[in-house]
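Before any comments, here is the structure.
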Amino acid sequence: ATVEGARLYHSGTLALERGDLPRAIADLEGAAERVPYDAEVHNRLGVAYAAAGRRDEALREFRSAVALDCDHVVAARNLRRAQGEAGEAR
């Protein structure tokens with residue numbers, strides 16, 4: 001499961017970089033299922049959700065990433081940004 005999770009994380013990250021959001025989300029969701037305790041997988045999935053306009057799901061993933069690794073600076077920054085955007089939208 002860990003090897004497959006790493007493969008899906010890598011392919012999802014590449015898909016995200018080229019703007020293929022459906023593929024990125026599918027692969028990163030698969031990675032999160034296989035390695036649920038990896039903060040970076042949840043952070044990257046949050047980035048993909050945010051890029052797709054799926055704000056609530058992005059917030060959930062950023063919160064998961066920070067809960068798993070409170071020292072994950074990028075995830076914490078992404079969470080603050082997403083919370084700010086959600087506040088502005090209300």
Side-chain angles (χ1 to χ4, degrees):
T2 304
V3 172
E4 180 66 5
R7 186 193 68 74
L8 287 167
Y9 171 79
H10 181 70
S11 63
T13 296
L14 293 176
L16 182 60
E17 289 172 357
R18 66 176 183 270
D20 183 353
L21 295 178
R23 174 66 186 267
I25 289 169
D27 286 355
L28 292 167
E29 285 174 339
E33 289 172 9
R34 287 164 179 82
V35 285
Y37 302 110
D38 188 316
E40 180 52 27
V41 170
H42 288 281
N43 179 63
R44 192 61 54 100
L45 179 54
V47 170
Y49 281 146
R54 295 167 63 174
R55 190 170 287 151
D56 290 343
E57 291 156 302
L59 279 166
R60 181 190 69 221
E61 295 304 322
F62 294 142
R63 284 186 183 113
S64 293
V66 171
L68 289 166
D69 180 0
C70 62
D71 293 324
H72 196 302
V73 176
V74 175
R77 184 178 62 229
N78 288 339
L79 176 58
R80 285 192 304 274
R81 181 180 302 133
Q83 287 171 325
E85 290 172 1
E88 292 172 7
R90 290 184 181 151

* To do: List the atom of Gly5, the atom of Ala31, and the distance in Å for their closest heavy-atom pair.
  => O-CB, 3.5 Å

* Structure fact -> The remaining residues in the hydrophobic cluster of Leu14, counting side-chain heavy-atom contacts under 4.5 Å among Ile, Leu, Val, Met, Phe, Trp and Tyr, are none

* For Thr2 and Arg34, what are the C-alpha separation, side-chain angles and deciding distance, and is it a side chain to side chain contact (heavy atoms under 4.5 Å, CB included)? -> CA-CA 6 Å; Thr2 304; Arg34 287 164 179 82; over 6 Å; no

* State, with a plain yes or no, whether a side-chain heavy atom of Asn43 is found less than 4.5 Å away from one of His72. => yes

* Minimum heavy-atom distance between Leu45 and Ala32, given as atom pair plus value -> CD2-CB, 4.2 Å

* To do: For Arg54, enumerate each residue passing the side-chain contact (heavy atoms from CB on, under 4.5 Å) test, keeping only those at least two apart in sequence or located in another chain.
  => Ile25, Glu29, Tyr49, Ala52, Glu57

* To do: Give me the other members of the hydrophobic cluster that Leu8 sits in, counting Ile, Leu, Val, Met, Phe, Trp and Tyr linked by side-chain heavy atoms under 4.5 Å, directly or via other members.
  => none

* **salt bridge (Lys or Arg N to Asp or Glu O under 4.0 Å) partners of Arg77, counting only residues at least two apart** => none

* Working to the nearest 0.5 Å, report the span between CZ of Arg44 and CG of Leu28. => 7.5 Å

What side-chain donor-acceptor pairs closer than 3.5 Å can you find for residues 60-68, not counting sequence neighbours?
residue : atom : partner : partner atom : Å
Glu61   : OE1  : His42   : ND1          : 2.5
Ser64   : OG   : Arg60   : O            : 3.1

* **Closest non-hydrogen atom pair, Asp27 against Ser11** => OD2-OG, 2.8 Å

* To do: With sequence neighbours excluded, tell me which residues meet side-chain contact (heavy atoms from CB on, under 4.5 Å) with Asp38.
  => Val35, Glu40, Val41

* **Residues which pass side-chain contact (heavy atoms from CB on, under 4.5 Å) with Ala15, listed by chain and number, not counting sequence neighbours** => Arg18, Asp20, Arg23, Ala24

* Not counting sequence neighbours, which residues clear salt bridge (Lys or Arg N to Asp or Glu O under 4.0 Å) with Arg80? List them please. => none

* Least distance between heavy atoms, Ala58 atom then Gly46 atom -> CB-O, 3.4 Å

* Please report the shortest heavy-atom distance between Ala48 and Leu21, naming the atom on each side. => O-CD2, 4.3 Å

